[in-house]
Amino acid sequence: MFRYIIKRIIFSLLTIWLLVTLTFLLMHLMPGDPFISTKAVDPAVREMMFKKYGLDKPLIVQYFIYMGKMLRGDLGVSLHYKGAQVVDRVFDAFPYSFELGLRSLIIGIALGLILGIVAAKRNGKISDGLIMGVAVIGISVPSFIMAALLNYGVGLKFGNFLKDIFGLSRNPIPISGWNSEASKWLPAIALSFGTLASIARLMRASTMDVLNADYIKTAKAKGLSEGQITRHHMMRNAILPIITILGPAAASILTGAFVVESVFAIAGMGKFFVLSIQVLDYPMIIGTTVIYGVLLIVMNTLVDIVYGIVDPRIRLERKGISG
Amino acid sequence: MKNARLLALMLVVIISATGILAGCGRNANTRRADFSFNLGSEPPQLNTTLLTDTVSMTVIRHVMEGLVRLDQNNKPVPGIAERWEISPDGKKITFYLRKNARWSNSAPLNKDGTEPAEGVNPVTAHDFVFAWKLLLDPENAAPYSYIAYFIKGAEEFNLGQGSWEDVGVKALDDYTLEVTLDKPAPFFVDLMAFAVFMPIDEEFYKGLDYENQVGDKYGIDANKLIYNGPYVIKEWQHEDHILLEKNEHYYNKNELNLNSIYMGMVSDSNTAYNMYANGDFDMIGLKGERVPQAKQDGYKVYSYNDGAIFYLEFNTAHPVLANKNIRKAFSYAVNRQSFVKNVLKDNSKPALAFTSPEIKGYSKPSFHDEVGDIISDADVSKAKEFLKKGMEELGITQLPSFSILTDESDTAKETAEAYQAYLKEIGVDLVIEQMPFKSRLERMEKKDFAIVSAGWGPDYNDPLTFLDLFTTGNGNNHTSYSNPDMDALVNQVRSEADPAKRNQLYIQIENLLMDDMPIVPVYFRVRDYTVKDNFTGVVRNAFQDINLYWVKKVGK
């Protein structure tokens, strides 16, 4: 197990290095330069700008300078937010995105699992149909539509309806920002829908498989209660396929957060991705990429490790291969 | 239900994890201020020497004050300078500063509102000298430095060919600032309200550990700035909001009706609109389809011309586009009226001359009224005549197709398609080439294009900000157009101190430009916004995108 984990970690570090290097090269291949703007400046002034921000040096030198700084945890100074440290700006924004992602993951996984199990047990009944219907909608409606619908329909319309009914001074449902508990629900729900739906579908399918397995019949024959069977025999086996999709689910939630953040005006990291590329803010492009890349790689590694713990077969199999 | 316990357990986990128990629904904080509006995005920087964008300028306008302020009609009125004198040749301007202007890091006022005896930090002429030196210092690499080139010796110093001692900015004493200009610039006093000319307190600036990161921490956070304007930044939560509070040290604070201002940074226009409907904002900008919707929802829609003109630029080095009559043919074929109505769908105005109508005139309020509409709109028969004449001059019987560069957005594409359709009517084929904004700028700079869709906004309130663009060697002249008559006229106007004569020269330049037609003016941009009925006094125009100095609450 220990060797397996060490190997995963070494691979992760290699992946991160590759990610940084490729991002560095690709962003410098983009046409245009960070200081070109609709109002021309004298070439001498432009030259000074390049010098000031260290862009006058050969690319390979810039690369080594950057890598050296990055190892010390310095992601450089933004070219767009002149003077601001990329690290400061990103870590200002990161907690919002992280909390939003975490909340929607929790909602998505928990509700997805419950709905999946319920649907499998109620196979063929109305509740099963309803749940799967919702799941299909959840998978096919993109999060930005869901976000816009919740923002307008629930936040603005329903909120103001409540306000009128109860004679409140203002709408009890905040429709923007991330500053009160109440303001965090709609965005998290909007973002969780896709995960919730795919987990519910998968959980239903794998529960159905497990339900027909011999060991469940044995457990029933032994006279175990249904709760015991669900907890000890069914869940642990049915949940395996779910763990595999958690990595990608976390990824899609993090990347999908951009639109939801934009619709609910949350000061998260999403906007940096788009803006930094539009304005060719090199340190910001690479800083945001590295931070998200590291996060995803860490998640995937964790999933691999967790999978190894939950299912000894995998651990043993890999051990077998690696000798 | 046997697994009810499991379900209940999971629900408890979800609920506690997402913390509903802790939530009692505090309200969004937009309402903590007297007036709340959508700024739209984070200001890239509030270091006044480095900024270039309208968002940053809007924030600065409320927290900093230059030698002059602009009134509601963009007329310069005393700001930090109480009065000023201009020498008869127009080249020397002496500003006399008020003695009661203070920086916001002065000691707090006494309980009775009087100033304490110690700890007062006055705004002095040296603060302007320091800021302008920074603006022009090559090391600082300020993008807007060129706007100070009207000052004697400024250009040489900025380009590393001169020294600061030779630049015409001198503090004669703490409260007298003498500026020597290179050439007469009657609009120089107006320019003193422009953000890059704001003063900076040297001691504060240098106290910010500025060796550490490419020169400047100044202006990157609320506590990394001090203010001398009507408001101070109380809170700056990046990418979220800026909260302003009245500056207790501001000499004119009793004139301000708003005690606090909330500037939201909501980039999604649907969300901003919902927030306005929800009462979170008192003012938002409106774009495209939001304008009719706002009217339908019963909101009052206001418009202002933001001073920008949008046009097509020709590369006059192109073998066919080098011909003036061909260029004119294109210009007359464009249907601006239909373009504004069907493509832009807003209140923008067709442009039949180049200089924005927002630029003040000499004998009339607007310079545009001095020249009037010079070309005619959607004149297809005239366009065909020009085309025929041009082709004869070139000795060609068939026209090649022309590529038109434009941005990546859907609007940019629709815009280019409209041009395509107008030119099709006179038998000219356009091929649309879409690309990222920065790539388009690069192609323009390299003069690697045939036709490009571009725009220009004024730097100051004088026709020169538009009319010196198409001189030979101007960095903003991407057209390769070069006419010695044009160059001579612009040079003449630059050294002319008499406003009447300047006006005559401007009229000549404008007419020459519209006759040579290196560019096709298309429209003057108009922006729309809505404000809650219980506020009056919002000023929005080409030189003050948003100014809330005079805003007053009426009713409840």
Side-chain angles (χ1 to χ4, degrees), chain A residues 31-33 35-42 44-45 48-49 51-53 77 80-85 89 92-93 103 106-107 110-111 113-114 117 148 151-152 155-156 159-160 170-172 174-177 179-183 185 188 225-227 230-231 262-265 267 271 278 280, chain B residues 2-3 5-7 10 13-14 17-20 22-29 42 44-45 47 50 52 138-139 141 143 145-146 158-160 213-220 237-240 264 266-268 270-271 274-275 277-280 436-439 441-442 445 455-456 475-476:
Chain A
D33 72 61
F35 305 118
I36 199 164
S37 80
T38 42
K39 306 223 167 177
V41 298
D42 193 281
V45 175
M48 286 311 296
M49 291 178 183
K51 200 172 149 206
K52 180 171 172 181
Y53 296 98
V77 173
H80 180 66
Y81 305 108
K82 291 196 181 85
Q85 292 282 353
R89 287 298 167 97
D92 271 355
R103 277 169 179 263
I106 292 173
I107 295 177
L111 284 181
L113 287 180
I114 294 172
I117 295 173
N151 185 264
Y152 180 77
L156 183 65
N160 280 298
R170 47 183 293 111
N171 181 352
I175 62 168
S176 66
N179 39 48
S180 64
E181 184 52 42
S183 68
W185 277 87
S225 75
E226 186 155 354
T230 308
R231 278 197 307 278
S262 165
V263 170
F264 287 95
K271 64 179 75 169
Q278 279 171 352
L280 289 186
Chain B
K2 299 254 173 70
N3 54 3
R5 240 185 72 200
L6 181 75
L7 273 175
M10 284 186 114
V13 171
I14 306 164
T18 41
I20 192 179
C24 19
R26 277 181 297 133
N27 278 327
N29 47 14
E42 161 94 1
Q45 53 256 312
N47 177 341
L50 294 181
T52 54
E139 297 274 318
S145 55
Y146 69 84
N158 188 230
L159 300 182
Q213 37 169 304
V214 286
D216 27 52
K217 271 188 179 172
Y218 181 71
I220 63 169
Q237 192 186 332
H238 295 295
E239 311 288 340
D240 195 74
V266 179
S267 54
D268 186 307
N270 287 329
T271 306
N274 290 347
M275 288 174 73
N278 199 36
D280 296 332
F437 177 65
K438 294 258 179 185
S439 310
L441 294 181
E442 196 174 57
E445 200 180 71
W456 182 258
N476 289 304

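Chain letters run A, B, ... following the sequence lines, proteins first and then strands; every chain starts at 1.
- Neither the backbone nor the side chain of Asn47(B) has a heavy atom closer than 4.5 Å to any heavy atom of chain A.
- The residue among Ala141(B), Gly475(B), Ala277(B) with the most heavy atom pairs within less than 4.5 Å of chain A is Ala141(B).
- Nearest heavy atom pair, residue Ser145(B) against residue Val45(A), reads OG-CG2, 4.1 Å.
- Checked by atom type and distance alone, the side chain of Lys438(B) never pairs as donor or acceptor with a backbone atom of Gln278(A) at under 3.5 Å.
- Lys271(A) is linked by a side chain to side chain contact (heavy atoms under 4.5 Å, CB included) to Glu239(B), counting only residues two or more places apart in sequence or in another chain.
- For chain A, no part of Pro436(B) is nearby; none of its heavy atoms comes within less than 4.5 Å.
- Interface summary for chain B: among Asn160(A), Val263(A), Asp33(A), Val41(A), the most heavy-atom pairs under 4.5 angstrom belong to Val263(A).
- Within the 4.5 angstrom heavy-atom criterion, only side-chain atoms of Glu445(B), from C-beta onward, approach chain A.
- With chain A as the partner, the residue from Asn158(B), Leu159(B), Thr52(B), Leu50(B) showing the most heavy-atom pairs under 4.5 Å is Leu159(B).
- With sequence neighbours left out, Lys39(A) forms a side chain to side chain contact (heavy atoms under 4.5 Å, CB included) with Ser37(A), Tyr144(B), Tyr146(B), Trp456(B), Asp459(B).
- Of all heavy-atom pairs between His238(B) and Asp92(A), the closest is CD2-OD2, 3.3 Å.
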